[in-house]
Each structure stands twice: as structure tokens, then as C-alpha cells.
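One structure is given here, and the rest of the page talks about it.
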Protein chains: 2
Amino acid sequence: MAVPSPPASPLFLREDEIRRGVELLYFGYSNLTNSIDAGLATLGLGRAHHRALYFISRQPDLTVSELLKLLAITKQSLGRVLTELIEREYIETRPGQRDRRQKLLRLTASGAALEAELFRALREKMAAAYAQAGQGSVTGFWRVLEGLIPVEDLSMVAGLRSGG
Amino acid sequence: MAVPSPPASPLFLREDEIRRGVELLYFGYSNLTNSIDAGLATLGLGRAHHRALYFISRQPDLTVSELLKLLAITKQSLGRVLTELIEREYIETRPGQRDRRQKLLRLTASGAALEAELFRALREKMAAAYAQAGQGSVTGFWRVLEGLIPVEDLSMVAGLRSGG
DNA sequence: GAGATGGGACAGCCATATTGACGTATATAG
DNA sequence: CTATATACGTCAATATGGCTGTCCCATCTC
């Protein structure tokens with residue numbers, strides 16, 4: 001294969017692939033998150049509420065500080081969301097057993113029902129995308145996304161599975 | 001392989017894979033977009049400005065209505081961002097040649113320089129993720145994301161390449 | 001000339017994030 | 001036991017980036 005000469009800069013040649021990834025990630029993310037907005041709006045809730053519900057559902061008895069790390073927002077921002085969700089009885093709290101300063105967060109029955117309903121829209125979209133792309137693609141999808149996440153955060157994300 | 005019985009519901013069994021995708025997409029997207037916030041903040045710009053710069057860079061002589069479709073926001077929201085970028089001379093406009101009501105959007109030299117600088121951060125992150133995941137994974141990454149984007153929007157996204 | 005379209009603008013609103021300071025309960029180290 | 005750190009909450013003020021509704025002008029198209 002007598003290819004004349006290698007590219008001057010691999011980074012430059014890959015620019016189009018990079019931009020393609022950036023754009024697909026933007027539109028894919030947007031479309032997925034948009035898919036639950038209507039459901040949230042009927043309840044007067046926003047995406048911030050959903051994120052809290054989602055992670056608490058995923059990892060019951062999560063503490064406030066753990067949730068703060070996952071969401072990467074300030075205590076004040078989370079506070080409003082959490083207060084609202086507790087008032088509406090989607091979430092309930094208990095003091096921690098080892099450390100009674102902690103508040104363990106957990107969905108109520110209606111909170112779990114709401115999360116499940118919202119998740120249905122996510123599942124439909126994601127399942128359709130998985131099916132269309134094929135299982136081999138799904139692994140690649142995960143791997144690239146993992147590469148976008150700093151190493152120190154990956155354990156946190158993985159913890160949603162094991163540590164829950 | 002005498003596996004006893006198939007799962008009651010394939011959707012249920014796949015729930016974990018779906019959630020994994022949702023979570024990686026959330027954290028991956030967040031980390032990528034966060035990576036340019038510092039650069040934007042030093043200039044007093046926000047992500048909305050970057051999105052406009054990005055798409056105009058990608059498709060010079062884009063019209064306002066085309067940009068509106070890409071960003072999926074209202075004219076008013078875009079107006080503020082665009083006005084600011086024009087005032088700061090990152091963007092310039094010309095009337096359309098066929099339709100003089102149109103405004104064709106284009107980066108100035110300093111706008112192009114800014115976009116390139118911001119893109120550098122995106123490129124580094126994305127290139128590292130691609131490299132770590134391997135080229136086979138990149139295709140899968142694209143395919144799944146394409147599956148998340150409604151068919152009617154895909155041509156618009158593809159147009160960033162051909163129609164630019 | 002009539003109506004549709006591309007673009008812009010005003011006023012006001014809302015959701016979600018921020019910072020900084022401060023307070024209280026509990027845990028833990030000396 | 002005291003000191004300090006931690007977990008959580010809260011006040012006040014602010015910024016960003018969306019939204020709606022209404023109205024406007026220029027231009028294109030029929």
C-alpha cells in the first residue's frame with residue numbers, strides 16, 4: 001500500500017470526526033432529555049426535579065452530599081428542588097444509622113411511580129436507538145462516553161450500579 | 001444450553017442497559033460541555049453564545065431561521081445572543097443574495113479565532129475518548145446517537161457536513 | 001395589491017444555576 | 001471534655017437562558 005505521505009497532523013484530519021461526535025452528542029442528548037419535558041410540565045416540575053428523582057431511584061438511601069456530587073450543583077440549588085419534592089411527597093428522608101447527621105433519601109411510592117413513568121419515555125427512546133444501532137454499537141457508545149468522563153468521576157457513575 | 005425460560009419481558013431485562021446509557025450520556029455530555037465553560041467565562045460569554053458560534057462556524061452564511069431550527073429555541077432567545085455576538089464583532093451579517101430579507105451569518109476573524117480556541121478543548125476531550133475507546137467504538141457511538149435523533153432532524157444534522 | 005415570510009423588538013415571566021455568609025446538630029480527634 | 005470538622009439547612013442577592021404574547025418592518029410571491 002504505497003500511500004504517499006502521512007497526514008501532517010492527525011488531529012487536523014480528525015477534526016470532522018470530532019465535530020460529528022460533538023454534534024451527535026448535542027442533538028442526541030437534547031432529544032433524549034426533551035422527551036420527558038412534557039410529562040414534567042404537566043406536574044409543574046422541571047428537569048432538575050427529574051434528575052434528583054432519577055438518582056434517588058437508582059441509589060436508594062443516597063445522602064444529600066452524595067447527590068450533590070452526582071449533580072455537581074450547589075447545596076442551595078439542590079435544596080429548593082429537594083424541598084419541593086419532599087413537600088409533594090415524592091421523596092422521604094430518614095436520618096442515617098451510622099451518622100445521624102445524614103439524611104438518607106428515598107422515593108415514596110408515588111415518587112417511584114412518577115420516576116417509572118418518566119423513565120418509560122427514556123427507555124423507549126434509548127431502546128429504539130439501541131435496537132436500530134445493534135448491540136455491537138451499544139458497547140462502543142458506552143466506551144466513548146466513558147472516555148469523556150474523568151477517571152475520578154467514573155467510580156461514582158459505576159457506583160450507581162454496585163453501590164446502590 | 002438448556003436455559004430454563006426466556007425473560008418475561010425483554011424490556012425489563014434491558015432496563016439496566018438503558019439506565020447505563022442514560023447515565024453515561026448525561027455525565028459524558030456534562031463533562032464535555034463543562035470543558036469550555038472556563039474559557040467562555042473569561043470573556044463573559046455563556047454556552048448559548050458558544051452554540052451559535054459553533055454552528056455558524058460549521059455552516060457559514062447560515063440564515064437566522066436555519067440557526068433557529070438547529071438550536072430549537074425562540075427567536076427572542078436567539079436574538080439576545082446574536083445581538084451580543086455582533087456587537088462584540090464575533091459575527092457579521094450580510095443580506096441574502098436571492099432573498100434580501102435574510103441575514104447571512106458568518107464569523108469574523110476574531111470570531112473564528114474564538115471558536116477555534118473553544119473547539120480546542122472539545123477536540124482534546126473527544127479525541128482522547130475516541131482514542132481510548134478505539135475506532136470501532138466510535139462508529140457505535142455515532143450510530144446509537146443517530147438513533148436518538150428523530151428522522152426529520154437527522155438531515156439537518158447531516159447538513160452541517162454537506163450543506164455547509 | 002394581498003398575504004406570507006424573514007427578521008427584529010418590547011415587556012414581562014420562569015427555572016435553574018451561582019456566591020457568600022451564617023446556623024445547628026453530630027461526629028471525631030486531641 | 002474541648003476543639004474542630006462535617007452534614008445539612010437557610011438567607012439574600014444575582015445571572016443566565018429559556019419562555020410567551022404582541023407588534024413591527026422589509027421583502028418576496030402570487
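Chain letters run A, B, ... following the sequence lines, proteins first, then strands; residues in each count from 1. Side chains included, hydrogens not; waters and symmetry mates left out as well; all remaining heavy atoms used.
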### Query
If you pin A:Gly46 and A:Arg98 to their nearest nucleotides in DNA chain C, which one's is more 5'?
A:Gly46
### Query
Rounded to the nearest 0.5 Å, what separation is found between the NZ atom of A:Lys75 and the CG atom of A:Leu67?
14.0 Å
### Task
Take the protein atom CG of A:Asp37 and the nucleotide atom P of D:dG17, then report the distance between them rounded to whole Å.
18 Å
### Ion pair check, A:Arg19 and A:Glu15, cut-off under 4.0 Å
yes
### Task
Let me know the distance between NZ of B:Lys103 and C1' of D:dC28, rounded to the nearest Å.
18 Å
### Query
Tell me, which of residues 65-95 of chain B have any heavy atom that sits under 4.0 Å from an atom in DNA chain C?
B:Ser65, B:Lys75, B:Gln76
### Query
Thinking salt bridges, do B:Asp153 and B:Lys69 make one under a 4.0 Å N-O criterion?
no
### Query
For DNA chain C, which nucleotides open and close the run of contacts to chain B, 5' to 3', at under 4.0 angstrom from a non-hydrogen atom?
C:dA4 to C:dC10
### Query
Less than 4.5 Å apart, any side-chain heavy atom of A:Leu82 and any of A:Thr93?
no
### Message
Rounded to whole Å, how long is the line connecting atom CG of A:Leu62 with atom C1' of D:dC8?
### Response
14 Å
### Task
Calculate the interatomic distance between A:Arg47 atom CZ and D:dG17 atom P; express it in whole Å.
15 Å
### Cluster link A:Ile36 to A:Leu71, ILVMFWY, side chain under 4.5 Å
yes
### Task
Please list, chain by chain and in numerical order, all residues satisfying side-chain contact (heavy atoms from CB on, under 4.5 Å) with B:Thr74, sequence neighbours excluded.
B:Gln76, B:Ser77
### Query
According to the interplanar angle, ranging from 0 to 90°, do the rings of B:Trp142 and B:Tyr130 count as parallel (below 30°), tilted (30 to 60°) or perpendicular (above 60°)?
perpendicular
### Task
Check whether any side-chain heavy atom of B:Leu45 lies under 4.5 Å from a side-chain heavy atom of B:His50, and answer yes or no.
no
### Query
Just how far, in rounded Å, is C1' of D:dA5 from CZ of A:Arg101?
8 Å
